[in-house]
Every structure is written in structure tokens, then in C-alpha cells.
Amino acid sequence: MKSEQFAISKKESKLLMSFFYVVFIALFVGGLMGLLQTLVRSGKFTLPWGIDYYQILTVHGVILGLVLTTYFIIGFQHALMIKTVGMSDKQRKTAWLGFWVMTAGTVMTTITILLGQSSVLYTFYAPLRAHPVFYIGLALVIIGSWIAAIINFRQLYLWKKKNPGQKSPLLAYMVTINMIMWVIASLGVAVSVVFLLIPWSLGWTATINVLVTRTLFWYFGHPLVYFWLLPAYMAWYAIIPKIIGGKIFSDSLARLSFVLLLMFSIPVGFHHQLTEPGIDPTWKFIQVVLTFMVVIPTLMTAFSIFATFETTGRRKGIKGLFGWFKHLPWKDVRFLAPMLGMLAFIPGGAGGIINASHQVNAVVHNTIWVTGHFHVTAAATVILTFFGITYWLIPHLTGRKLTPSLNRLGIIQSIIWSVGMLIMSGAMHIVGLMGAPRRSAYSEYGGTEQATDWIGYQIAQAVGGTILFIGILLMVYIFIKLAFFAPKGEEEFPIAEEEPDADPTPKFLENWKLWIAITIGLILFAYTIPFIDIIQNSPPGSAPFDWPLGK
Ligand code: HAS
Ligand code: CU
């Protein structure tokens, strides 16, 4: 079925581009910090002007993990909603409000970090205590994102009223799922920030319950990583098929996998707290089992992408078992970048399964293996897909063309990124298994013997980090070209269609009340008893621990 599409107006483009300006400023600033970190960890370099390692590590995590991702996702999702269900003037104005609330929050948080008042890393674990404005800023970023969510829900609602009985466009459906997940998940961190961390950092409360704040953080933290991943899935399911000249493999399967991801992304936060005392092992085990459920929709995704690749190739008459693979449009960066991202997800997902394997987690937890894991997942799988989207979305919005020479630069960028990440993250995985800690500036931690064993890998991380930084400079250059200088023209907004003879998508997939009820049911099941247990039995609150150290 061919669905109606809306054009993106000038005013809408301006809104969307504002999100992407922040994304690429964030990429530059956050990436620079990453480079400095790998240099410090090589043990061969100290930071000048008394800059603190944990301060730049906080900038890196907050700016890339929280700011860049949220702005990219909300900008991209707004674009998808405008294109598939349309946006009214009033909604656009409200979206601007969301943008400014988020931006005010981002500026506030960043200033406190730059002033050295909030070197608490992106997880802001208590009892490390940041400046109150750090938390208030983060709360504003979340509130701004809720404004975007409410607009997205309303957009789909109005479309459905106008098109009674019709199934919602696939991409609008996916955006709605991602935002439902985000709102449910961010409620946890909002409670922690507003009721526990802010009063405590203002000095209104003397102590804080560490385990409660960490549990609320990870109730949010795992769905946070899926909030990053789902927009990449949107591109894999519904955009890449169009770029390779094919059709969506199965609309129903895509929707079902999103529903399953919604259900199984929240009640699993304990897999980040497996080594924490104070949580009953039975409940840890239950959440580990629920974590493994997430593998199902993930493998459904892999299967469906593969199937699209193969059917598209076969339909073009390509023969041989793997002939279709060779004939994928490798020279089109809109395909190559996300494809490299998908390939990165194979080791990334395997690492995730290792992390989640309860006892095995003890081997890798708090080592730099985990940093390696999230650089292949978040910084390769997700970010390469986001770059892949950038190559067509930015020129589409600015009325310019992705020229052959920019396409070529993009290919070089994608390769540089993949090689840099392979070296850096590979070294992190290996030296992590040897016991090298994460979140530490001391590369010699553990004594001289380890230091000699580790040094080669620490240097490899710095080499990978340097290559990645070159990739960042190139990407920022390409973005500036696409935003301001590329020749005028029209660039397609690729949205794939369903197979003409596809079976109708079952109606129950749009039974929002049912999916939300099951999601909440699973959350209550996984969290109620252990949470009551934590509140009743945890030790008296902890006193704050302020940065810089020794203050
Ligand atoms: Fe993770 C820690 C478990 C996925 C991000 N993770 C982190 C942290 C981050 C993060 C940021 O259980 C650090 C947090 C911190 O600061 O402490 N993770 C998992 C599991 C998955 C997983 C089970 N993580 C992700 C994704 C992330 C991400 C995605 C970001 C986007 N992770 C953990 C655990 C920890 C953790 C523990 C805590 C560790 C600790 O001790 O602290 C799963 O979702 C993975 C499922 C994926 C697969 C792969 C399927 C492959 C596909 C590719 C298809 C390719 C094709 C192309 C079709 C099973 C879909 C093929 C072509 C060919 C030619 C072959
Ligand atoms: Cu997780």
C-alpha cells in the first residue's frame, strides 16, 4: 500500500535544523574530550592547565551520551512525523518550546561541569554530589523531551481521527513506541532527580539513599540505550530498503519487534546492578531472564534486514548464494554507513549478552570492557546509522545535494570511523578482560606488572581515539557543507513501501492500551518487591562526596 506523504515546509526545516546544529556542536566538543581521555589513559600525557580528568569525562558522557543523542533523535523523529502524519502550526510552535527548554537545560548543566562543580560522570551516581544547577538542567532536558513526546502522540492521534480505520504509517508507529518507552522510563530518573538529588544538593536533606538513586537511574538507563537504538532500527526497517531499491520485508514483523522492545526494555535495569549488594539475587536473576527476552526482537530485526537485502537482490536477477550481498550499493554512503553500524552490532550484541550473563558480569563489570561494549553499540551501531541519516536528511532540509564528492568523503568518514572504533574498542575489550578499570585516569592502577601488560592496549586506545577524532572533524566538515555550501538541489527523503501483496497488518498491533498495560505490568512485576525491600532494608543515607576531591 502506498501511503500519503507530507512535504517538510521551510519553517519546519528551520526547527529541525536547530536540533542538528546542537548535535554537531556536541559531536565536536564531546569528541575532543574523548580524544583527551584516551591520551591520558595511555599514561604518556597529562592534562594542561590543571584540567581534571573526571571533568572532561563528564563533559564527554553528558554531551555525547545524553545531549547529542537526545537532540538527534528528537530532530529525526519530528522529521519522520512531519513526513508521515503532518505537523500543525501550533504543534511546530510547541516543538520550539520543547527545543528551548532542552537547550536551556543543556546550557545550565554544561556550565556547571565546565566550572568544575559537577564532575559526577553521565550516570551522576550518589554519593558523588554535583551542583544543584547540574540536576535542574538535566530535569529541563527531560521535560523538553516530554514536550516533544506529547506533540508526537497528538500528531498520530489527529491523523488517526482523520483516517479512521486505517493503520498508522509504520514510521509514525515506531516513533510513538519509542516515545512511550522514553516517557515511562524517564519518569524514574525524574523522580530521583527532583525528589532526592536536587533537595540533597541544595543541602535541604543531609543524606541520600544511594541504592534507591542507582536503582531509579538504571530503571531509566537501560531503556535509555534502547531510546538510542530504536531510531536506528527505524532507519534499518523503513528507510534502508528504499535506499537499496527494495521494499519493507514485513510491516507486521517490524511493528511486533517494536512492541516487544517496548515491553522488554524497562524491567531489566538490574543487569547494570548485578554486583550491587542490597538487591535480592532472585530478582536480579528474574531481570536477567527478562534481559535475554530482548534478544528475540533483536534477532527478528537481523532476520528481517537480511531478508530485505536478499529479496531485493534476487528480484534484480542477481544469482548465486551470496551474489545479492556483493550487489548491495556499497558505494552509496546512505547505505554504507548504517550497514557498517549493523555489522558492528554483531560483536556489540554478543558483548551485551556476555555482560548480562549474571555471574559472567563479575568478570567484566567496571572494567574498560564495558566502555568497549558501549562504544561498539552506541558509538558505532547507533552513531554510524545517525551519520547515514545525516547524509540525506540535512540536504533534504536545506534544499541542497549530496554531491558525488561529498558522498566519497562520507565513505572515507565511515571507514575511518569503523577502523578507529575497531582499534579503540577492541583494545578496550581485551585490556578489560585483563582487569583494566573503567572511569579511571590511572592507567597503572593495579601495580607495575599489570601496567606493563596493559600498556600496548592503552596506546592502541589512544591511536583509535586519534583516528576517531579525525573522523569527527571530517563529519563536522561534511555537515557544514551539507547545511550551508553544497549546491542547491533536491535530495530524496527515502521511505520504503510495503510489498504490494503483503498480508494486512493485524489490527491488534495498534492496541496501544494493551501494550502499555503489559509494559507497566512487567515493570511492576520486576521492580515492586525488590524496591520495597531496598527501601525497607537499605542502610541509613550516605553523606555527600563533593568534587573536586578533597574539597
Ligand atoms: Fe549494553 C552496559 C547488556 C545492547 C549501551 N550498554 C552498557 C552501557 C551502555 C550500553 C552505554 O547486561 C554502559 C552503562 C554504564 O555506563 O555503566 N547491552 C546489553 C544487552 C544488549 C545490549 C543484553 N547496550 C546495548 C545497546 C546499547 C548499549 C544497543 C546502546 C545503543 N549492557 C548490557 C549490560 C551492561 C551494559 C549487562 C552492564 C555491564 C556492567 O557490568 O556495567 C542487547 O540488547 C544486545 C542484543 C543484540 C544482538 C545483536 C543482533 C545483531 C543485529 C545486527 C544485524 C546485522 C545485519 C547485517 C543484518 C543479539 C541486529 C549482517 C550482515 C552480515 C554480512 C553478517
Ligand atoms: Cu542495559
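Atoms within a ligand are numbered from 1 in the order they appear, just like the ligands themselves.
Heavy-atom separations between Y122 and ligand 1 include at least one value shorter than 4.0 Å. At least one heavy atom of N361 sits less than 4.0 Å from an atom of ligand 1. Residue contact check for ligand 1: F292 places no non-hydrogen atom closer than 4.0 Å to it. Residue contact check for ligand 1: M300 places no non-hydrogen atom closer than 4.0 Å to it. For R439, the closest heavy-atom approach to ligand 1 falls below 4.0 Å. Assignment of W218 to the shell around ligand 1 is supported, since a heavy atom sits closer than 4.0 Å. Heavy atoms of F325 come nearer than 4.0 angstrom to ligand 1 in at least one pair.
Of all atoms in ligand 1, numbered sequentially from 1 with element shown, those under 4.0 Å from a heavy atom of V294 are 44 (O). Here is the list of ligand 1 atoms found below 4.0 Å of a heavy atom in R438: 15 (C), 16 (O), 17 (O). Interface of V382 with ligand 1, defined as ligand atoms under 4.0 Å from a residue heavy atom, comprises 31 (C). Within ligand 1, the atoms closer than 4.0 Å to a non-hydrogen atom of I346 are 65 (C), numbered from 1 in the order shown. Residue Y226 has at least one heavy-atom neighbour below 4.0 Å for each of these atoms of ligand 1: 43 (C), 44 (O). Counting atoms of ligand 1 from 1 in the listed order, those under 4.0 Å from a heavy atom of H365 are 40 (C), 41 (O), 42 (O).
In terms of protein heavy-atom proximity, atom 46 (C) of ligand 1 is closest to T298 CG2, 3.8 Å. When hydrogens are left out, the protein atom nearest atom 23 (C) of ligand 1 is G352 O, 3.3 Å; that is the closest non-hydrogen contact. Scanning all protein heavy atoms for the shortest distance to atom 62 (C) of ligand 1 gives L343 CD2, 3.5 Å. Nearest to atom 36 (C) of ligand 1 among the protein's heavy atoms is H272 CE1, 3.4 Å. Taking atom 54 (C) of ligand 1 as the reference point, the nearest protein heavy-atom neighbour is A302 CB, 3.6 Å. Scanning all protein heavy atoms for the shortest distance to atom 52 (C) of ligand 1 gives F345 CD2, 3.5 Å. Nearest non-hydrogen protein atom to atom 13 (C) of ligand 1 is F374 CD2, 3.2 Å.
Without hydrogens or angle criteria, T69 side chain to W228 main chain gives no donor-acceptor distance under 3.5 Å. Using a distance-only test at 3.5 Å, with no hydrogens or angles considered, no donor-acceptor pair links the side chain of T109 to the main chain of T106. Judged by distance alone, with hydrogens and angles left aside, the side-chain atoms of H222 form no donor-acceptor pair with the main-chain N or O of W218 at under 3.5 Å. Under a 3.5 Å cut-off, the side chain of S425 and the backbone N or O of G372 do form a donor-acceptor pair. Panel note: side chain Y173, backbone L509; a donor-acceptor pair is recorded below 3.5 Å.
Between W283 and F270, the ring center distance fails the sub-6.0 Å criterion. Y219 has its ring centre no less than 6.0 Å from the ring centre of F531. Taking the six-membered ring for Trp and the full ring otherwise, F249 and Y237 have centroids separated by 6.0 Å or more.
A salt bridge links R315 to E499: at least one charged side-chain nitrogen sits closer than 4.0 Å to a carboxylate oxygen. Taking 4.0 Å as the cut-off between side-chain N and carboxylate O, K284 and D280 do not count as a salt-bridged pair. Ion pairing between E498 and K247 fails under the 4.0 Å rule for side-chain N and carboxylate O.
Ring orientation note: the planes of F322 and W324 are tilted relative to one another, at an angle of 30° to 60°.
Considering backbone and side-chain N/O atoms, T123 never comes within less than 3.5 Å of an N/O atom of ligand 1. On a distance-only criterion, H373 and ligand 1 share at least one N/O pair closer than 3.5 Å. Residue A356 has at least one nitrogen or oxygen atom sitting less than 3.5 Å from a nitrogen or oxygen atom of ligand 1, judged on distance alone.
If you check the side chains of W236 and T301, you find no donor sitting under 3.5 Å from an acceptor.
Here the CD atom belonging to Q287 is positioned 4.5 Å from the OH atom belonging to Y527, to the nearest 0.5 angstrom.
Contacts with ligand 1 closer than 4.0 Å are made by side-chain heavy atoms of T291 only, the backbone lying farther away.
No cation-pi contact links R438 to W369, judged by a cut-off of 6.0 Å to the six-membered ring centre and 45° from its axis.
Of all the N, O or S atoms in H222, the one closest to the Cu ion (ligand 2) is ND1.
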